[in-house]
Amino acid sequence: MPPLQFWKPGAAAPGSSLDRESEAEGSLLPVAAAKNAHLSIDAQRQRLPIYKHREKLLWCVEKYKVVIVVGQTGCGKSTQIPQYLHEAGWTSQNHVVACTQPRRVAATSVATRVAEEVGSVLGDEVGYTIRFEDLSSPTRTKIKYMTDGMLFRETMMDPLLSKYSVIMIDEAHERGAYTDLLLGLVKKIMRKRPELRVIISSATIDAEDFLEYFNTNADGTDRAQDDAVIVSLEGRMFPVEVCYLKEPCADYAEAAVQTVFDIHMKEPPGDVLVFLTGREEIDQVIQQVSDRLQSLPSAAPKLLPLPLYATLPPEEQELIFDPPPRDTRKVIFSTNIAEASVTIDGIKYVVDCGFVKLKTFNPRTCMDVLTITPCSLASANQRAGRAGRTSAGKCFRLYPSSILPTHNPRSPMPITTPPELVRSDISLYLLQLKALGIDNVAKFDFMSPPPSEMMIRALEFLYCLKAIDDEGRLTRPMGERMAEVPLDPMMAAILLNSHAFRCGEEILTIAAMTSVQNVFITAEGGTKATMAELERRKFTAEEGDHLTLLNAYNAFARYGTKDKQWCGNHRINFKAVSRAASIRKQLKKYLDRFEIPVVSCEGDAVRLRKCLVSGYFKNAARMLPDGTYRSAREGAILHVHPSSVMFTRQPSTGWVIYHEVIETTKSFMRDLTVVDEDWLVELAPHFYTFKGGGLKKHL
DNA sequence: GAGCACTGC
């Protein structure tokens, strides 16, 4: 295959804002950590590029209610801005500065760093709050890092978030569901608390969107009336040269392999990060790379290909951080996990296929669709930036520059990724908003309002679960409690119904186990996969996946809580099930507080399965003679997901309920339990009746 | 007979 032709933009590259940003920072050289080692913490802090903007930032926070801060990763905004505010007195009179993060690791690691810089014991002056871990003091903590979901939850206790003087929403451009909910809430709170200050940290690309959303000076003729402002910070990134393919390629996986070998043969030493879309694709590409390595002369420079994706066992994930053997180039083939969640130092080259796997809820079919779609320009810029963390780098985009949305108004590439709230089932979020007293959710000031069809679907769901009444008001105590427990509405209903079926012990376990992913370890392909499957059979329940999860948890509780070896032998993911144990404990506390007695069903699986039907009833399907299923709700053809124990079985009653459907190549049901047709009518008469000998869904 | 990107309470 001839080498692929890349186009190298000149100094004045058209298009991508990334190119412009890199140019602007071309003269800015970061200070090596080693060189700084002798400096005091204060001196180190003053050397950060952001320090030059300290006074301006503080002035803006005084003058404007909302400050939108734009700066690349590594410029120190998450660690420094809360400290500047603390030093400037924003934490006096028992006030707290909050800084939210979209991920748990970010909240804990940034808090740890800042505690060191401030000279505080973690949990004292500087603390963090994430689920299951509260290292903060209600009286002494002045700077509090937390996940956005946690701050959202705090609004249930304190609707005005009155203890906070400044709330900084970090990584807002990622537009996670709780980030968007917080944006709306904070905007609402500001009307009642004019003294509250909000800082939004975002990427350059959407800063204007945030400004427009927050600025109440709508006509904009007199800028002096603005109450929101954008502040640009210099980053500490190195320049990244971006190259494009001259022509579109037919197969990006093939192009990725070719590009990796071109880099390997022609470019100076440095590790490579390749962005692809999924596990299967990554395993295949690595196989191709390994095959081609065989044909290379033995004297050729060495190359070490490594996979990276979320379901990779932890010990294999660790390998990407190890330095490669001498004279070997490390090449990491990764999913989107390396875009923001996992940071690898020493990457000099990025290869970007330009695609991402994205989950989108279809309200018409009530299914999640998982599709490979062009990534946004914002994503592409973030990916490219991964090449410039420790030295100047180079990014190879496996598409022509002509498809960029900045060049082509009809580009398939969006400028930003659609926010999570507009492509999810929002019933949980609407329920939580109602719990905050926002009854008319359609009037809530979403930065990007979810499509009305999604709203209607979600409200219908909540009504048939009895969480809201026919006027859309939260029911008491059912709806109120459902909003409070950290579960999706269906499972919340099941848990709260469990006392009626006398099976709380078991439902607690099932709710916890369905809340974590990848309970069972499945190795890729061949005999290993069969082995994992065989091990799982030990826990297999004929009644389906929920009872299988229950069996696995009970075995773990008896033998595996402290025994990683036992878990490995039984192909159980130790971390996942340990987390399920924490979740179970937390859920139990909620039931205790609601004074819902928790008893065991003593092996009576019928009670247990009926209880599951009391929440899952709308997700019912009947098996057809050809082995596929037809959904009771929409009459859609469904398939059993290969990870289900029902993949190799047939339901004795002909009926199943399921947790969710994901559409990939087909529509797959996940987490199934065998049920009786009669139970559907018995437990959800408002949803189903018998007509002419068959089950009919009410319209 | 065939497979899930990633977060969060």
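Excluded from the calculations below are hydrogen atoms, water molecules and symmetry mates; all remaining heavy atoms, backbone and side chain alike, are included.
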J.: Taking the six-membered ring of A/Phe361, is the NZ or CZ of A/Arg423 close enough (under 6.0 Å from the centre) and on axis enough (within 45°)?
T.: no

J.: Round to a whole Å and report the spacing from CG of A/Leu487 to P of B/dC9.
T.: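 Taking atom P of B/dC9 as the reference, CG of A/Leu487 is at 13 Å.
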
J.: Is the closest side-chain donor-acceptor distance between A/Tyr309 and A/Asp283 under 3.5 Å?
T.: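 Yes.
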
J.: Whole Å only: how far is the CG atom of A/Leu308 from the C1' atom of B/dA5?
T.: 12 Å

J.: Take atom CE of A/Met146 and atom C1' of B/dC9, then tell me their distance rounded to the nearest Å.
T.: 12 Å

J.: Output the single nucleotide from B/dC6, B/dC9, B/dA2 whose closest atom is nearest the side chain of A/Thr335.
T.: B/dC6

J.: Take atom CG of A/Leu358 and atom C1' of B/dT7, then tell me their distance rounded to the nearest Å.
T.: 13 Å

J.: Counting only heavy atoms not in A/Glu133, do more than 12 fall under 6.0 Å of its CD?
T.: yes

J.: Considering only side-chain heavy atoms of A/Arg423, which listed nucleotide, B/dC9, B/dA5, B/dG8, is closest?
T.: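 Selected nucleotide (nearest to the side chain): B/dA5.
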
J.: Just checking A/His639: base, sugar-phosphate only, or nothing, at a heavy-atom cut-off of under 4.0 Å?
T.: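 Contact class for A/His639: none.
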
J.: Could you check whether A/Ser341 gets within reach of a base, just the sugar-phosphate, or nothing at all, counting any heavy atom under 4.0 Å?
T.: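 A/Ser341: backbone/sugar contact only, no base atoms under 4.0 Å.
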
J.: Mind checking A/Glu660 for me? I need base, sugar-phosphate or nothing, with any heavy atom below 4.0 Å counting as a touch.
T.: base

J.: Between A/Arg649 and A/Val342, which is nearer to the 5' end of DNA chain B once each is assigned its nearest nucleotide?
T.: A/Arg649

J.: Choose from B/dG3, B/dG1, B/dC6 the nucleotide whose nearest atom is closest to any side-chain atom of A/Pro642.
T.: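 For the A/Pro642 side chain, the nearest candidate turns out to be B/dG3.
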
J.: Given B/dC6, B/dG1, B/dA5, which nucleotide is nearest the side-chain atoms of A/Ala310?
T.: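 So the side chain of A/Ala310 is nearest to B/dC6.
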
J.: In terms of side-chain heavy atoms, does A/Glu660 have a donor or acceptor partner in A/Tyr616 at a distance below 3.5 Å?
T.: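 Side chains of A/Glu660 and A/Tyr616: no pair found under 3.5 Å.
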
J.: From C-beta outward on A/Met150, which listed nucleotide comes closest to its side chain: B/dA5, B/dC9, B/dC6?
T.: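 Among the listed nucleotides, the one closest to the side chain of A/Met150 is B/dC9.
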
J.: What's A/Ser515 touching, base or sugar-phosphate or nothing? Going by heavy atoms closer than 4.0 Å.
T.: nothing

J.: Hey, which of these two, A/Glu280 or A/Glu420, hits DNA chain B nearer its 5' end, going by closest nucleotide?
T.: A/Glu280

J.: Can you tell which of A/Val422, A/Leu433, A/Leu183 makes a side-chain contact (heavy atoms from CB on, under 4.5 Å) with A/Phe446?
T.: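 For A/Phe446, the side-chain contact (heavy atoms from CB on, under 4.5 Å) check succeeds only for A/Leu433.
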
J.: Please determine, for the side chain of A/Ile337, which listed nucleotide (B/dC6, B/dA5, B/dC9) has the closest atom?
T.: B/dC6

J.: Just call it for A/Leu428: base, sugar-phosphate, or nothing, with non-hydrogen atoms closer than 4.0 Å on any strand.
T.: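 Contact class for A/Leu428: base.
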
J.: Go through B/dA2, B/dT7, B/dA5 for me and flag the one nearest to the A/Phe647 side chain.
T.: B/dA2

J.: Check the side chains of A/Ser78 and A/Arg113 for a donor-acceptor pair under 3.5 angstrom, ignoring hydrogens and angles.
T.: no

J.: In whole Å, what is the span from the CE atom of A/Met669 to the C1' atom of B/dA2?
T.: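 About 14 Å, once rounded to whole Å.
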
J.: Go through B/dC9, B/dA5, B/dC6 for me and flag the one nearest to the A/Leu370 side chain.
T.: B/dA5

J.: Where the side chain of A/Arg103 is defined as all heavy atoms beyond and including C-beta, which of B/dG3, B/dA5, B/dT7 is the nearest nucleotide?
T.: B/dT7

J.: Check every atom of B/dC9, B/dT7, B/dC6 against the side chain of A/Gln517 and return the nucleotide holding the closest atom.
T.: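 Side chain of A/Gln517 sits closest to B/dT7.
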
